[in-house]
Amino acid sequence: MASMKLIVHLLCRYISIALSLFKSLVLCLFDNFDYPILIKLADAFLSLYFITLCDLRPITVDLNDGETTVHFWISAHRRINRPDLVMLHGYGGNSKWQFIHQVSDLSKSFNLFIPDLVFFGKSHSRNNTERTIDFQARSIVGGLKRLGCHEGGLAVYSISYGGFVAYRMAKIWPEMVEKLVIVSSGVGFTQQQKVAEMKKHDGDVSEILVPRNPRDLRMLVRISMHTGIAFIDWVPDFILSQFIAVMYETNRKELVELAKNLLEREEDAEFYAISQKTLIIWGDKDEVFPLEHARRLHRQLPNSSLEILKDIGHGVNIEAPTTLNNLITSFVLDVS
């Protein structure tokens, strides 16, 4: 009886995805030829991949009487003998696109909780003023508690912008976060250091993070990656425009405001060193947050270790996902 219910549940889920794909195709063919059909289809197939091959399921959590909604991908079968791992993405699309190369392997060792940060993907808020890292951290922690993560023991893996959120979670809720993995994130950057790094890139950095056209998106890819970037010159403009439309247009204003808040806000007078065991992972060719910052962060955190990946840029999750997965798994599971 239980197996029959599971089969019916899975069948309904697949039918729902098939209907979503059909709806996208109909809209493209008969309603609006500018509709970003290719990226919409790719995004839907990514959802199917997460469900069928990674044993994940989507769920949305409403907070503050529905003012804020956080969308998660979580393990469909949470196993008591596996630790819980939260995965926090950066700029550059929703959580599916950023973790596509990692979820299959990591889902075999962990109970995964993968949120879209607020204003990314399917997470959104009617709050018109909060654009801070604290707001992101409160939203993610609120969602995790609603999903049953009350007892602590969480490991949090974060990359780039997600690292700021993860660090704030570890600082404010130390009883929840046991271990932290920070990858290519400017945690602890002073205002002076932020200004110095921003001057290295032409234009408004917050606009680069939220591209408006194919040229901007190509620039973002070149800044973020050291290897495997030749492909971006071969991708047609119309496909890049569709990616921008799907990933950025709905919440463009809010995404720019998030970036500006991060880049322009004054940091605390003294860096707060968390006590949790922390693994810092960095590419030695990172052009967003230089390697020297990884070494500085390592010195500031007494309970940390540092792994440097040779000939890898800022996008470690794209350039070296297998190595990254192995480091995360060994660290969280305490495997030598």
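Heavy-atom basis, side chains included; hydrogens, waters and symmetry copies ignored.
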Test your reading of the model: is there a side-chain donor-acceptor pair from [X] to the backbone of [Y], 3.5 Å cut-off?
X: Asp43; Y: Ile39; result: no
X: Tyr91; Y: Ala259; result: yes
X: Ser304; Y: Leu301; result: yes
X: Arg252; Y: Ala245; result: no
X: Asn317; Y: Gln98; result: yes
X: Arg79; Y: Asn111; result: no
X: Ser75; Y: Leu112; result: yes
X: Asn251; Y: Glu254; result: no
X: Asp286; Y: Leu291; result: no

Run the numbers on Leu117 and His89 for side-chain contact (heavy atoms from CB on, under 4.5 Å), then give the verdict. CA-CA 7 Å; Leu117 296 174; His89 63 82; 3.7 Å; yes
Just wondering, do Ile312 and Lys285 contact through their side chains at under 4.5 Å, heavy atoms?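 Of all side-chain heavy-atom pairs linking Ile312 with Lys285, none is under 4.5 Å.
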Does the side chain of [X] come under 3.5 Å of the side chain of [Y] through a donor N or O and an acceptor N or O?
X: Asp55; Y: His77; answer: yes
X: Ser224; Y: His314; answer: no
X: Thr278; Y: Lys179; answer: no
X: Asn325; Y: Thr323; answer: no
X: His298; Y: Arg295; answer: no

Pair up each side-chain donor or acceptor in residues 227-234 with any protein partner under 3.5 Å, not counting sequence neighbours, and list the distances.
unit_1	atom_1	unit_2	atom_2	d
Thr227	OG1	Glu319	OE1	2.7
Asp233	OD1	Arg222	NH2	2.3

Is the shortest side-chain N to carboxylate O distance from Lys260 to Glu257 below 4.0 Å?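 No salt bridge links Lys260 with Glu257.
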Tell me whether Arg126 is salt-bridged to Asp65, with the criterion being a basic N under 4.0 Å from an acidic carboxylate O.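 No salt bridge links Arg126 with Asp65.
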Give the ring-plane orientation class for Phe189 versus Phe289, where under 30° counts as parallel, over 60° as perpendicular and anything between as tilted.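 Answer is perpendicular, since the angle exceeds 60°.
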Locate the shortest heavy-atom distance separating Leu180 from Phe331; write the atom from each residue and the value.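 Shortest heavy-atom separation between Leu180 and Phe331 comes out as O-CE2, 3.6 Å.
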For Thr68, what residues pass the side chain to side chain donor-acceptor pair (under 3.5 Å) criterion, not counting sequence neighbours?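 Once residues adjacent in sequence are excluded, the partners of Thr68 under the side chain to side chain donor-acceptor pair (under 3.5 Å) criterion are Ser125.
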